[in-house]
Amino acid sequence: MDSLPSVQLEVYEGPLDLLLDLIRKQQLNIFDIPIARITQQYLDYLHRLEQLNIDIAGDFILMAATLIQIKSKMLLPPDPLAGPGQAEDPRTDLVARLLEHEKFKSAAQMLQQKQVLEQATWSRPDLGAFADEQGELVVTLWDLVKAFREVLERPPGPAALEIVREEITVAEMMEEVRRALRESQGSVPLLDLCRRYPHRRGLIALFLALLELVRLEAVIAVQAELFGPIFLRKHKLFDVVFSDDTAAQIDQQYN
Amino acid sequence: MERDPLKALLEAIIYVSEEPVTLDQLQKVIPDVPREELRAALGELVAASQAPDRGIEVRQIAGGYRLSTKPEHHEAVRRFVRSQKPPLRLSLPALETLAIIAYKQPVTLPEIHAIRGVDPSSALATLLDKGLVVTAGRKQCVGRPILYRTSKEFLIRFGLKDASELPTLKEFEELARATLGEMEGAGGESAPASGSDEQAVEAGNA
Amino acid sequence: MERDPLKALLEAIIYVSEEPVTLDQLQKVIPDVPREELRAALGELVAASQAPDRGIEVRQIAGGYRLSTKPEHHEAVRRFVRSQKPPLRLSLPALETLAIIAYKQPVTLPEIHAIRGVDPSSALATLLDKGLVVTAGRKQCVGRPILYRTSKEFLIRFGLKDASELPTLKEFEELARATLGEMEGAGGESAPASGSDEQAVEAGNA
């Protein structure tokens, strides 16, 4: 590994950082990069990462390809048709990118210095920030998007489930009734069904759904004795009403 | 310590302190200056702040020293404070509710409730109050619940030309996942490894 | 209005304001004083606060004026502030991404990626999280990518008058050319092949 100038395996944030470091350590002139050597060192570095089972980001691979391409272009004889001074150095783009990157690295350091200085001053708003009133935050669009994501990713608690059921539509409630009947081999106590929907709106939806199903002769309500429990059972058109077509329609409303 | 820098330091401390600052407290922070000198410097500070070109004064109050605006500017200061549109502050529940409305609009209260898993009524009231959300008719379903959508004020406050400028969840997916990675300390910045340039892995050493 | 009372009034208003106060805001509250006079009075206020016996200074920041303690009193002042100023710790990648946004704004994610050579998502998420960067609509090109720019919070946290106060990129360009271009022992492809490899400095070699 003598082509790699450092025995330590440095950690680079990106391929440009790695290249800049190779150039700096060997005090190369960026406007006349020995591309064959740099390419070899770059590939050696990636190879050593591989040996250590470190995942190599796509950006590093892409740069390897770019380097090899530049190297091969430089091996070609100059285009005889191009006039003197017209043939472009294949390294030009890379050099421009490296310089651009280096530029912003310096800019970042400048920002850091400014920020350290600013950190040493205090203003009344800074002070107010500690005792933030009622935990309210100054919000940006980013906060909004993040909030939405977090809500969506939050596992629904038991309360949430109950509420979801409460707010289902009549069509969805019909589907619920069908599921309940299937799960219980065709007979469900009405009261059990009602208990699943403790809030008024859920009960209304359930009631409307039952009326609908009874009217369609998909479900029948039976009472074995006076004041006894009412049972819901499949009726003669149960399968017809809940045919594929109807189910699809319900599904559509469900989404 | 010379008198001028001492006065400057005292002024700075009085400025940042939330309560009137007592001589004892100051003596503790500036132990190398005799008490009498501190007292004298404070006296000069009080006197200097009475100059006609100064709008805030150092006053002795409740056994300590503190800064306040001079009474003669009361009217103008009050006018200014009133004219200020405070930055948009929202509680987390309000922010969440606003986010749901922004992305699911038009949407009903029960629908928001279902997504959040918590009753959004009070958060929604806040949003309506701040004019960030408005009603948008009723949904044609059982109970005909009221629909809500975001307002023009919402667009203005969030610097959006129209609702289509709202970033899609997909666009922020990458970014948000990246934040999560960072919170886990994984530093998903990039391979070959996490952090800053200073970190060097000694692994390659033979 | 005479100059001294005007300066006093301006100081009082700046003192009570939560955010940096702009000239526009001041003009609105003090309509009978010409804008130019306001500006001149503010200039005098800034200069006067630099006196060695003053511990708080009026500064131009984020497009407005605000008061803050002078940095030289940092240590003593900190002891008086109940908790630490929430430290703004940014990794080098985040700082670089911030620098790119500050200079190229408004700028898209792919554009940042091109300059950094690494996926900037995680760094960008951090910056958005800390409120240093905000979205700025969409670019009118294929895919309508989201544009980003630096926020007012950025100016405040970095003590900048406005984004144009940053040193020009040209200065950094010259620095980069100087440090990377004019080095000794430059051995390019055009140089005799033997030379370059031998000139390699055994930087870390043991």
Side-chain angles (χ1 to χ4, degrees), chain A residues 2-3 5-8 13-17 20 23-37 57-59 63 74 91 97-112 114-115 117-130 138 140-142 146, chain C residues 18-19 66-71 74 77 81-83 85-88 90 92-93 95-96 98-100 102-103 115-119 128-129 131 134-135 151 157-160 167 169 172-173 175-177 180-191 196-197 200-206:
Chain A
D2 25 272
S3 56
S6 169
V7 281
Q8 278 195 340
E13 221 242 312
L16 295 173
D17 291 299
L20 281 170
I23 290 168
R24 216 184 285 277
K25 282 219 174 103
Q26 301 169 91
Q27 301 192 7
L28 304 174
N29 183 342
I30 195 166
F31 298 108
D32 193 13
I33 300 171
I35 203 76
R37 168 153 50 124
D59 290 314
M63 179 57 77
M74 291 195 66
R91 297 172 295 183
R97 282 190 68 192
L98 286 169
L99 277 176
E100 184 83 346
H101 186 65
E102 177 69 12
K103 218 160 76 179
F104 283 106
K105 280 171 83 87
S106 314
Q109 275 166 16
M110 174 276 300
L111 282 181
Q112 192 167 33
K114 280 199 179 294
Q115 196 254 319
L117 188 67
E118 196 54 32
Q119 196 99 19
T121 72
W122 293 85
S123 209
R124 284 162 50 86
D126 299 332
L127 306 169
F130 303 135
V138 176
T140 63
L141 196 56
W142 166 250
K146 250 181 59 174
Chain C
E18 251 185 77
E19 304 249 322
R66 83 163 190 182
L67 278 172
S68 69
T69 61
K70 292 183 178 172
H74 178 55
V77 163
V81 179
R82 263 203 243 128
S83 53
K85 189 171 183 173
L88 183 64
L90 290 175
L92 216 56
L95 270 168
E96 269 181 47
L98 186 58
I100 294 169
Y103 280 102
I115 295 175
R116 284 195 63 214
V118 208
D119 180 11
L128 285 161
D129 253 0
V134 290
T135 56
S151 66
R157 287 297 203 136
F158 289 80
L160 295 164
L169 268 186
F172 295 118
E173 167 110 43
L175 189 68
R177 281 175 177 272
L180 293 169
E182 285 153 30
M183 288 178 157
E184 283 299 305
E189 214 73 332
S190 49
S196 49
D197 274 17
V201 175
E202 333 270 291
N205 246 331

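The analysis underlying the following values was restricted to heavy atoms, covering all of them including side chains, and did not include hydrogens, waters or symmetry mates. First the proteins, then the strands, lettered A, B, ... as listed; each starts at 1.
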Practice problem: List the atom of C:Phe158, the atom of A:Lys114, and the distance in Å for their closest heavy-atom pair. | Solution: O-CB, 3.7 Å
Exercise. Would you mind checking which part of C:Leu175 comes under 4.5 Å of any heavy atom in chain A, side chain (CB onward), backbone (N, CA, C, O), both or neither?
Key: side chain
Quiz prompt | Shortest non-hydrogen contact between A:Trp122 and C:His74, atoms and distance | solution = NE1-ND1, 4.0 Å
Exercise. Find the distance between CD1 (C:Ile100) and NE2 (A:His101) and round it off to the nearest 0.5 Å.
Key: 7.5 Å
Self-check item: Heavy-atom pair with the smallest gap, counting every atom of C:Tyr103 and A:Ala107
Solution: CE1-CB, 3.8 Å
Self-check item: Whether A:Thr121 side chain and C:Pro71 backbone form a donor-acceptor pair below 3.5 Å
Solution: no
Exercise. Heavy-atom distances under 4.5 Å only: say whether A:Leu99 touches chain C with side chain, backbone, both or neither.
Key: both
Practice problem: Would you give the length of the straight line joining atom CD of C:Glu173 to atom CD of A:Glu100, rounded to the nearest 0.5 angstrom? | Solution: 7.5 Å
Quiz prompt | Straight-line distance of C:Leu98 CG to A:Leu111 CG, nearest 0.5 Å | solution = 5.5 Å
Practice problem: Just give me the residue among C:Leu160, C:Val77, C:Leu169, C:Leu90 that pairs up with chain A most often, heavy atom to heavy atom, under 4.5 Å. | Solution: C:Leu169
Self-check item: Shortest non-hydrogen separation from A:Pro15 to C:Gly117 and the atoms involved
Solution: CD-O, 3.3 Å
Exercise. Would you sort out whether C:Leu180 and A:Phe31 count as a side-chain contact (heavy atoms from CB on, under 4.5 Å), showing the intermediate values?
Key: CA-CA 8 Å; C:Leu180 293 169; A:Phe31 298 108; over 6 Å; no
Quiz item: Of the non-hydrogen atoms in C:Asp119 and A:Asp59, which two are nearest, and what is the gap between them?
Solution: N-OD2, 3.3 Å
Quiz item: Distance from C:Arg116 atom CZ to A:Asp17 atom CG, nearest 0.5 Å?
Solution: 7.5 Å
Quiz item: Roughly how far apart are A:Glu118 CD and C:Arg157 CZ, rounded to 0.5 Å?
Solution: 9.5 Å
Self-check item: Nearest heavy-atom neighbours spanning C:Leu92 and A:Gln112
Solution: CD1-OE1, 4.4 Å
Exercise. Go through the steps to decide whether A:Glu102 and C:Arg177 satisfy the test side-chain contact (heavy atoms from CB on, under 4.5 Å), and finish with yes or no.
Key: CA-CA 9 Å; A:Glu102 177 69 12; C:Arg177 281 175 177 272; over 6 Å; no
